[in-house]
Number of protein chains: 2
Amino acid sequence: MVVDQQLSDAEVDRLFHALADATRRDIVRRTLVTEASVSDLARCYAMTFAAVQKHVAVLEEAGLVTKQPRGRERIVRGNPDRIRAAQALLDDYEQLWRVRVERLDALLADDDHPSP
Amino acid sequence: MVVDQQLSDAEVDRLFHALADATRRDIVRRTLVTEASVSDLARCYAMTFAAVQKHVAVLEEAGLVTKQPRGRERIVRGNPDRIRAAQALLDDYEQLWRVRVERLDALLADDDHPSP
DNA sequence: CTAACGTACAACCAAATGGTTGTAGATCAG
DNA sequence: CTGATCTACAACCATTTGGTTGTACGTTAG
């Protein structure tokens with residue numbers, strides 16, 4: 001089982017911010033399936049190489065992607081662990097919501113036996 | 001079972017962007033457990049009422065929170081469905097990653113029977 | 001060696017973000 | 001009615017963001 005990484009607020013900020021852009025999400029999608037160099041990726045989008053380079057940097061700082069040198073290229077790979085970390089965070093929110101549901105259930109149970 | 005909402009790129013942008021701020025995440029946490037007025041929330045943070053109001057607006061546009069008038073107050077409640085929508089999106093990414101794993105497995109299987 | 005390719009990085013710009021203050025409209029309490 | 005409270009919204013400001021262009025440097029191909 002993957003250990004539930006303890007991410008700081010700033011890291012969580014970076015993680016969700018990195019996911020809040022369609023181009024970056026597409027880069028994550030691609031590199032989860034197939035590794036690609038930065039210029040491979042740049043050819044996929046209607047923007048300059050430098051712009052794509054910046055998106056990859058944002059993803060790398062968020063931990064969603066790793067960049068490994070290979071000759072003159074930098075090979076980009078998606079990091080499934082960070083995806084799972086994000087899922088774990090969202091799971092926590094859902095668990096919190098259950099508290100509300102359980103409290104409402106308790107209230108309804110009390111209504112079955114109202115005090116006079 | 002909750003239907004898998006079909007979110008546009010712009011909606012997903014808004015969803016993750018709304019989550020990319022510690023104050024907003026805290027508002028979501030609180031309002032998932034207990035409903036609260038905007039000024040209830042404002043008292044929790046070291047910033048002006050107007051700033052908190054803006055954060056709530058961002059969360060509302062992202063669908064992570066609903067705002068319901070009650071007298072002069074606006075009651076804020078967390079929306080677990082949007083949390084689940086975000087989880088569903090991340091699940092998709094994890095599924096993509098499995099494609100890579102399966103392809104690697106296939107490659108290894110080929111290596112068991114190398115051609116001469 | 002030379003030319004082409006892949007990357008890194010700085011400088012610049014318009015637009016969006018996250019905060020502030022200030023004003024004004026509803027609603028509630030006394 | 002009057003005053004306090006809760007909200008809405010505009011205007012403003014500093015910083016960040018997402019894009020551009022341009023320059024420089026290492027690596028590969030011919």
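The figures that follow rest on heavy atoms only: side chains count, while hydrogens, waters and symmetry mates do not.
Electrostatic pairing of A/E60 and A/K67 counts as a salt bridge here, judged by a charged N lying under 4.0 Å from a carboxylate O. Between B/E61 and B/R14, none of the side-chain N atoms (NZ, or NE/NH1/NH2) sits under 4.0 Å from a carboxylate O, so this pair counts as no salt bridge. Between B/D40 and B/R30 no salt bridge is recorded (no basic side-chain N to carboxylate O distance below 4.0 Å).
Side-chain atoms of B/R24 lie closest to C/dG18 of the nucleotides D/dC9, C/dG18, D/dC6. In the set D/dG18, D/dA11, C/dT7, C/dT7 carries the atom at the smallest distance from any side-chain atom of A/E73. Closest to the B/F49 side chain, of the nucleotides D/dG19, D/dA8, C/dG6, is D/dA8.
Using a 4.0 Å heavy-atom distance criterion, A/A42 is classed as making no nucleic acid contact. Within the 4.0 angstrom heavy-atom criterion, only backbone atoms of the sugar-phosphate kind lie near A/S37; the bases stay farther away.
Rounded to whole Å, atom C1' of C/dT17 lies 19 Å from atom CZ of A/F16. With rounding to whole Å, B/E60 atom CD is found 15 Å from D/dC9 atom C1'. Rounded to an integer number of Å, the gap from NZ of A/K54 to P of C/dA11 is 12 Å. Between the CZ atom of B/R43 and the C1' atom of D/dC6 there is a distance of 9 Å, given to the nearest Å.
The shortest distance between the side-chain N/O atoms of B/R74 and the OP1/OP2 oxygens of C/dA26 is not below 4.0 Å. A/K67 has a side-chain polar atom (N or O) that falls below the 4.0 Å cut-off from OP1 or OP2 of C/dA8. Between C/dC5 and A/S39, no contact under 4.0 Å exists linking OP1 or OP2 to a side-chain N or O. Taking 4.0 angstrom as the limit, A/R70 places none of its side-chain polar atoms (N or O) nearer than this to OP1 or OP2 of D/dG26. For C/dA16, neither phosphate oxygen OP1 nor OP2 lies less than 4.0 angstrom from any side-chain nitrogen or oxygen of A/H17. Dashed line: the shortest gap from a side-chain N or O of B/Q53 to OP1 or OP2 of D/dA8 is under 4.0 Å. Residue B/T48 has no polar side-chain atom (N or O) positioned under 4.0 Å from OP1 or OP2 of C/dG19.
Proximity of A/V28 to A/L32: side-chain heavy atoms (C-beta onward) are separated by under 4.5 Å at one or more points.
At least one cation-pi condition fails for B/R29 and A/W97: the charged atom is not both under 6.0 angstrom from the six-membered ring centre and inside a 45 degree cone around its axis.
Toward the 5' end of DNA chain D, the nearer of the two residues A/H55 and A/R72, judged by each one's closest nucleotide, is A/H55.
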